A.B. asks: 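Please find one structure pasted underneath; my questions will follow.
Worth saying up front: this structure is predicted, and the values here are computed from it rather than measured. Any value given below was found using the heavy atoms of this structure, including those in side chains, with hydrogens, waters and symmetry copies removed.
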Amino acid sequence: MKCGYCNSDVPKEEAVKDGRYYHKECYRKKIGKKEIEEYWLAEINKGTVLQLLRKFIKDFVEIYDVDYVLWALKKSKADGVRLQYPQGLKKILDNSTYKDGWKKEKILEEYAKVKDVEMESGQDVIFEYNPEKNKRITDII
């Protein structure tokens, strides 16, 4: 069967059904685009031309991760950045401060997942160094 977003084949056991069948990533993009549009119209500028907004959201989602676009939009609103047009979001998405903040947040999420994994008491992590012949000091570092 065909994916309703990208129109490529999707196995039925891996598909997400919401009226049509979608890849998991494609479904996330579809839902994310709708969330971005709703947030923009509710919080940023409700007078934006809908056709223009949808075009830019589609372009941004193809370049950036959909979760990053939504996060940057919400973060810019919290930081007090005034956006009037969807084109201004491109500058925010390319800003290294927002990119670094997004990476830090993702790292903290992964750390929280790993932190919840408990090791049995008495288990030690053992690192073993096996030197080979003709090693240089730079190979160790």
A.B. asks: Which heavy atom of Ser76 sits nearest to which heavy atom of Ile92, and what is that distance?
C.D. replies: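 Taking every non-hydrogen atom into account, CB-CD1, 3.6 Å.
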A.B. asks: Measure the NE2-OG distance between His23 and Ser8 for me, rounded to the nearest 0.5 Å.
C.D. replies: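 Here the interatomic distance stands at 4.0 Å.
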A.B. asks: Quick test of your reading of the model: are Asp100 and Lys104 salt-bridged, counting only N-O distances below 4.0 Å?
C.D. replies: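 Salt bridge absent between Asp100 and Lys104.
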A.B. asks: Where do Lys91 and Tyr98 land on the side-chain hydrogen bond (donor to acceptor under 3.5 Å, both in side chains) test, with the steps shown first?
C.D. replies: CA-CA 10 Å; Lys91 188 172 183 179; Tyr98 286 94; over 6 Å; no
A.B. asks: Measuring from atom OG1 of Thr48 to atom CZ of Arg54, what distance do you get when rounded to the nearest 0.5 angstrom?
C.D. replies: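 It comes to 12.0 Å.
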A.B. asks: Counting only heavy atoms from other residues, nucleotides and ligands, does the tally under 6.0 Å from CD of Gln51 exceed 12?
C.D. replies: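 Incorrect, the count does not exceed 12.
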A.B. asks: Should the ring pair Tyr68 and Trp71 be called parallel, tilted or perpendicular, given that the plane angle runs from 0 to 90° and is split at 30 and 60?
C.D. replies: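 Tyr68 vs Trp71 ring planes: parallel.
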A.B. asks: Holding to ring-ring contact (aromatic ring centres under 6.0 Å, His included), I want the full list of residues that pass it with Tyr27, two or more places apart in sequence or in another chain.
C.D. replies: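 Only Tyr22 meet the ring-ring contact (aromatic ring centres under 6.0 Å, His included) criterion with Tyr27.
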A.B. asks: Walk me through it: do Glu14 and Lys24 pass the test side-chain contact (heavy atoms from CB on, under 4.5 Å)?
C.D. replies: CA-CA 8 Å; Glu14 294 177 13; Lys24 290 177 184 177; 5.5 Å; no
A.B. asks: Please determine whether a side-chain nitrogen of the Lys or Arg among Arg28 and Asp67 lies less than 4.0 Å from a carboxylate oxygen of the Asp or Glu.
C.D. replies: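 Salt bridge: yes.
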A.B. asks: Drop me the distance from Tyr64's OH to Asp94's CG, to the nearest 0.5 angstrom.
C.D. replies: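 Here the rounded value is 3.0 Å.
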A.B. asks: For side-chain contact (heavy atoms from CB on, under 4.5 Å), just list the numbers for Tyr85 and Leu52, CA-CA rounded to whole Å, side-chain angles, deciding distance to a tenth of an Å, and then say yes or no.
C.D. replies: CA-CA 9 Å; Tyr85 302 101; Leu52 181 69; 5.5 Å; no
A.B. asks: Determine whether Tyr21 and Tyr5 fall in the same hydrophobic cluster, where Ile, Leu, Val, Met, Phe, Trp and Tyr are linked whenever their side-chain heavy atoms lie under 4.5 Å apart.
C.D. replies: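 No, separate clusters.
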A.B. asks: Decide if atom NZ of Lys30 counts as having more than 12 heavy atoms of other residues, nucleotides or ligands within a radius under 6.0 Å.
C.D. replies: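 Atom NZ in Lys30 is crowded, with more than 12 foreign heavy atoms closer than 6.0 Å.
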A.B. asks: Please give me the minimum heavy-atom distance between Glu43 and Lys77, naming the atom from each residue.
C.D. replies: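 Heavy-atom minimum between the residues: O-NZ, 3.2 Å.
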A.B. asks: From Asp59 CG over to Lys90 NZ, what is the distance, rounded to the nearest 0.5 angstrom?
C.D. replies: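 Those atoms lie 9.5 Å apart.
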A.B. asks: With no hydrogens and no angle check, is any side-chain donor or acceptor of Asn95 less than 3.5 Å from a backbone partner on Thr97?
C.D. replies: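 Indeed, once roles are kept as given, a pair shorter than 3.5 Å links the two residues.
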A.B. asks: Measuring only between side-chain heavy atoms, which start at C-beta, is Leu93 closer than 4.5 Å to Val69?
C.D. replies: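 SC-SC contact between Leu93 and Val69 confirmed.
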A.B. asks: Test side-chain contact (heavy atoms from CB on, under 4.5 Å) on Leu89 and Ile57; report intermediate values, then the result.
C.D. replies: CA-CA 9 Å; Leu89 186 57; Ile57 290 173; over 6 Å; no
A.B. asks: Where is the tightest heavy-atom contact between Lys2 and Val10, given as atom of each residue plus distance?
C.D. replies: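 So the minimum-distance heavy-atom pair works out to C-CG1, 4.1 Å.
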A.B. asks: Do you know the tightest heavy-atom contact between Gly32 and Val66?
C.D. replies: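 For Gly32 and Val66, the tightest heavy-atom pair comes out as CA-CG2, 3.5 Å.
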A.B. asks: Using a strict cut-off of less than 4.0 Å between a Lys/Arg side-chain nitrogen and an Asp/Glu carboxylate oxygen, indicate whether Glu37 and Lys34 qualify as a salt bridge.
C.D. replies: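 Not counted as a salt bridge, because no side-chain N and carboxylate O are separated by less than 4.0 Å.
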A.B. asks: For a side-chain contact (heavy atoms from CB on, under 4.5 Å) check, start with the C-alpha distance between Phe60 and Ile36, then their side-chain angles and the critical distance, and finish with the verdict.
C.D. replies: CA-CA 11 Å; Phe60 294 149; Ile36 293 166; over 6 Å; no
A.B. asks: Run through the side-chain heavy atoms of Ile, Leu, Val, Met, Phe, Trp and Tyr, join any pair under 4.5 Å, and report what else lands in Ile107's cluster.
C.D. replies: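 None; Ile107 is a cluster of one.
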A.B. asks: Quick one: CD on Glu109 to NZ on Lys106, what's the gap to the nearest 0.5 Å?
C.D. replies: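 With rounding to 0.5 Å, CD (Glu109) is 4.5 Å from NZ (Lys106).
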A.B. asks: Please round to the nearest 0.5 Å and tell me the distance separating atom CG of Leu53 and atom CD of Gln87.
C.D. replies: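 So the CG of Leu53 and the CD of Gln87 are separated by 10.0 Å.
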A.B. asks: Is the Lys NZ or Arg CZ of Lys74 less than 6.0 Å from the centre of Tyr39's six-membered ring, within 45° of the axis?
C.D. replies: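 Yes, cation above the ring, under 6.0 Å and within 45°.
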